[in-house]
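The figures here come from the full heavy-atom set of this structure, side chains too, leaving out hydrogens, waters and symmetry mates. Values in this document were obtained by computation on a predicted structure and should not be read as measured data.
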Amino acid sequence: MLKVCKFGGTSMANADAIRQVKKIIESDDSRRYIVVSAPGKRNKSDVKVTDALYACHEELLKTGSCKKSFAVIRERFTEIVKELGLTLDIEKVLDQTEKDIDTEKSVDFTASRGEYLSAVVTADYLGYKFMDALEMIRFDSHGKLNEDYTDDKVSIKLAPVERAVIPGFYGKDFQGKVKTFSRGGSDITGSIIARGVKADIYENWTDVSGFLVCDPRIVENAKPIKQITYKELRELSYMGAQVLHSEAIFPVMKGRIPINIRNTFSPEDAGTMIVPNEMYDTSAENVITGIAGKKNFTVLLIEKSLMNSEVGFIRRVLSVLEHYDLCVEHLPSGIDTLSVVISSEQLKGGVLSDLVNEIRESVSPDYIHVIENISLIATVGHGMARRAGTAAKLFTALKDAGINVRMIDQGSSELNIIIGVANEDYEKCIRAIYGAFVK
Ligand code: ASP
């Protein structure tokens, strides 16, 4: 058994948390490759080391040095090293890091130093080898992860190393410079390492015991999700369920490696297992796995009799949207209707009326209706396809709650049912669906 474990910012925030991390690692011999984030917040009003590093870069741009802002970084790491009782000469490492930031003058380099320092300290504390992500993770000239190169490098570099700590969040660009992933990207690093070493499981240790069926701010004591497939998770994270970086799924998906979300501060909890279809335990299946949603969409409802028999109709509508550089979120259609769902954010600055006029000119519809302030809510469930009556149950619950459904989109994979409701019905709608399906 081989496990790759990633510990997030809260798990690295101070010496107490890092002691807890060590306990977790040492309680299971198969936890051999450890990916770490930069120290996060110690309390609500604290700053994350990564944010403090972005401030260093700002200062550097203005004054030519990051000296003042770097004091925050210095203090965080000296305190951790002192409290852990390490003999590591952290002052020397910090002096060098400050110098490097001033000479590199790159925002990605600066931001990456949180994970770098975190990994140097953790490796020393665990007695594991420090392995820099720069030697393994490579981006191409378009800024995309160079997957095959990276996968090979990880496997070659780590094969002779029994136990290692690897900094999350960054790799090397095609010119050899440090490049970071987007925020929260250490989750991706963990996934890359898990794939490269062909781990049996990727454990992602955070400060919650996995995903919940829905947002606990909407449903108090929302139940945890015990198992979920990669695809279901994609649907939920696209709609806003956050715990794991949405791109972290891809490397492990290629390697068919399950992810287990665990809580550093409650390690006895089983957490959420994210698995490929073939590992899904259908005996423990629920009809629905999760409910997630997002507010603020605009729907253009386009009607035209015999739209279906008009060749190129949808293409012409989409060309207009392309002309305005707009992404389409959903495109549910009926016999004579087509709904175009766009995030309202994209329509700021008066684009909407020009867009509607151009669609009118382009396809001469009988009618276009603009519905604003719409929330989309996805009810996701791997088991929905095999059960009759799921949709009926959902819509009955909404009818009973007095919610007017403005749009319905059931994907052909039958993995989810997406509905559009008025923004003010958003919370009520999630509660009604939860109440109908979760016992
Ligand atoms: N430290 C980085 C951030 O705050 C990356 C991470 O923690 O995953 O976004």
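- No donor-acceptor distance shorter than 3.5 angstrom exists from the side chain of Asp425 to the backbone of Lys428, with no hydrogens or angles considered.
- Residue-environment remark: CG (Asp89) exceeds the threshold of 12 foreign heavy atoms within 6.0 Å.
- Contact record, Pro216 with Ala222: CA-CB, 4.4 Å, taken as the closest heavy-atom pair.
- With Thr272 contributing its side chain and Phe211 its backbone, the two residues share a donor-acceptor pair below 3.5 Å.
- Using a distance-only test at 3.5 Å, with no hydrogens or angles considered, no donor-acceptor pair links the side chain of Asp140 to the main chain of Asn146.
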- Task: Assess whether side-chain contact (heavy atoms from CB on, under 4.5 Å) is satisfied between Leu88 and Tyr125, documenting all intermediate values.
- Result: CA-CA 9 Å; Leu88 171 74; Tyr125 182 48; over 6 Å; no
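- With sequence neighbours excluded, the residues that form a side chain to side chain contact (heavy atoms under 4.5 Å, CB included) with Leu301 are Thr337, Ser339, His369.
- Nearest heavy atom pair, residue Ile24 against residue Ser27, reads O-OG, 2.7 Å.
- Residue Gln346 comes nearest to Leu326 through the heavy atom pair OE1-CA, 3.4 Å, listed as atom of the first residue, atom of the second, then distance.
- Once rounded to the nearest 0.5 Å, the distance linking CZ of Phe297 with CZ of Arg406 reads 15.5 Å.
- Of all the heavy atoms in Arg262 and Ala270, the pair that sits closest is CD-O, 3.4 Å.
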- Should Ile25 and Ile34 be marked as a side-chain contact (heavy atoms from CB on, under 4.5 Å) after you check the CA-CA gap, both sets of side-chain angles, and the distance that decides it? CA-CA 9 Å; Ile25 295 168; Ile34 312 300; 3.7 Å; yes
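- In this structure, Asp269 contributes its side chain and Gly271 its backbone to no donor-acceptor pair below 3.5 Å.
- Checked against a 6.0 Å centroid threshold, the rings of Tyr202 and Tyr33 do not count as neighbours.
- Although no hydrogens or angles enter the test, the distance criterion places a donor-acceptor pair under 3.5 Å between the side chain of Glu59 and the main chain of Lys68.
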- Item | CA sep, side-chain torsions, deciding dist, call: Lys172, Glu135, side-chain contact (heavy atoms from CB on, under 4.5 Å) | CA-CA 8 Å; Lys172 219 186 228 181; Glu135 293 178 38; over 6 Å; no
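- Note: Phe109 and Tyr116 fail the aromatic proximity criterion, with ring centroids not under 6.0 Å apart.
- When all heavy atoms of Leu145 and Ile137 are compared, the pair lying nearest together is CD1-CG2, 3.8 Å.
- Atom CD of Glu278 is surrounded by more than 12 heavy atoms from other residues, nucleotides or ligands within 6.0 Å.
- For Arg32 (side chain) and Arg163 (main-chain N/O), no donor-acceptor pair under 3.5 Å exists by modelled atom type.
- In this structure, Asp281 places its CG atom where more than 12 heavy-atom neighbours from other residues, nucleotides or ligands lie under 6.0 Å away.
- When side chains are defined from C-beta on, Glu358 counts as touching Tyr324, because their heavy atoms get closer than 4.5 Å.
- Counting heavy atoms from C-beta outward, Pro267 and Gln20 have side chains that approach closer than 4.5 Å.
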- Query: So Glu427 and Lys295, salt bridge (Lys or Arg N to Asp or Glu O under 4.0 Å) or not? Walk me through it.
  - Reply: CA-CA 10 Å; Glu427 283 85 3; Lys295 285 187 172 174; 3.3 Å; yes
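- Geometrically, Arg113 engages Tyr170 in a cation-pi contact, judged by NZ or CZ lying under 6.0 Å from the ring centre and within 45° of the ring axis.
- Checked by atom type and distance alone, the side chain of Ser191 pairs as donor or acceptor with a backbone atom of Val252 at under 3.5 Å.
- Residues passing the side chain to side chain contact (heavy atoms under 4.5 Å, CB included) test with Ser333, sequence neighbours excluded: Leu338.
- Atom NZ of Lys44 is surrounded by 12 or fewer heavy atoms from other residues, nucleotides or ligands within 6.0 Å.
- Taking the side chain as every heavy atom from C-beta outward, Ile73 and Leu117 approach each other to under 4.5 Å.
- Summarising the geometry, atom CG belonging to Asn277 is positioned 11.0 Å from atom OG1 belonging to Thr282; distances are rounded to the nearest 0.5 Å.
- The closest side-chain donor-acceptor pair between Thr97 and Asp100, if any, does not fall under 3.5 angstrom.
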- Can you list the steps and then say if Ser106 with Asp108 is a side chain to side chain donor-acceptor pair (under 3.5 Å)? CA-CA 5 Å; Ser106 128; Asp108 282 20; 5.6 Å; no
- Task: Could you walk me through whether Asn423 and Ile374 pass side-chain contact (heavy atoms from CB on, under 4.5 Å), step by step?
- Result: CA-CA 5 Å; Asn423 276 345; Ile374 290 291; 5.5 Å; no
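- Across all their heavy atoms, Ile257 and Ala199 have their closest contact at CG1-O, 3.5 Å.
- With sequence neighbours excluded, the residues satisfying side chain to side chain contact (heavy atoms under 4.5 Å, CB included) with Ser319 are Arg315.
- In Lys22, the NZ atom is crowded: over 12 heavy atoms of neighbouring residues, nucleotides or ligands sit closer than 6.0 Å.
- For NZ of Lys198, the number of neighbouring non-hydrogen atoms (other residues, nucleotides, ligands) closer than 6.0 Å is 12 at most.
- Side chains of Lys153 and Arg138 form no contact here, defined as non-hydrogen atoms less than 4.5 Å apart.
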- Tyr149 and Phe139: CA distance, side-chain angles, deciding distance, ring pair (Phe, Tyr, Trp, His ring centres under 6.0 Å) verdict: CA-CA 9 Å; Tyr149 177 94; Phe139 296 93; over 10 Å; no
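- Using modelled atom types, one finds no donor on one side chain facing an acceptor on the other under 3.5 Å when comparing Glu203 with Asn260.
- Atoms CD and NZ, from Glu329 and Lys294 in turn, are 5.5 Å apart once rounded to the nearest 0.5 Å.
- Between atom CG of residue Asn416 and atom CD1 of residue Ile288 there is a gap of 11.5 Å, rounded to the nearest 0.5 Å.
- Within the 4.5 Å cutoff, no side-chain heavy atoms of Glu115 are placed close to those of Ser112.
- Ser246 places a side-chain heavy atom less than 4.5 Å from the side chain of Arg234.
- Under the 3.5 Å distance criterion, the side-chain polar atoms of Asp409 are left unmatched by any main-chain donor or acceptor of Ile418.
- Once rounded to the nearest 0.5 Å, the distance linking CG of Leu233 with CD1 of Ile225 reads 8.0 Å.
- Rounding to the nearest 0.5 Å places CD of Gln96 at 11.0 Å from CG of Leu94.
- The closest donor-acceptor contact from the side chain of Asn204 to the backbone of Ile259 lies at 3.5 Å or more, if one exists at all.
- The shortest side-chain heavy-atom distance between Met279 and Pro258 falls under the 4.5 Å cut-off.
- Heavy atoms of other residues, nucleotides or ligands lying less than 6.0 angstrom from CD of Glu345 number 12 at most.
- In this structure a side-chain-to-backbone donor-acceptor pair under 3.5 Å is present from Arg76 to Gly40.
- Under the 3.5 Å distance criterion, with hydrogens and angles disregarded, a donor-acceptor pair is assigned to the side chains of His245 and Ser182.
- A 4.5 Å side-chain heavy-atom check between Asn373 and Glu424 finds every atom pair outside the cut-off.
- Ile228 pairs with exactly one of Thr289, Val380, Ile261 by the side-chain contact (heavy atoms from CB on, under 4.5 Å) rule, that one being Thr289.
- In this structure, a donor-acceptor pair under 3.5 Å is absent between the side chains of Ser344 and Asn296.
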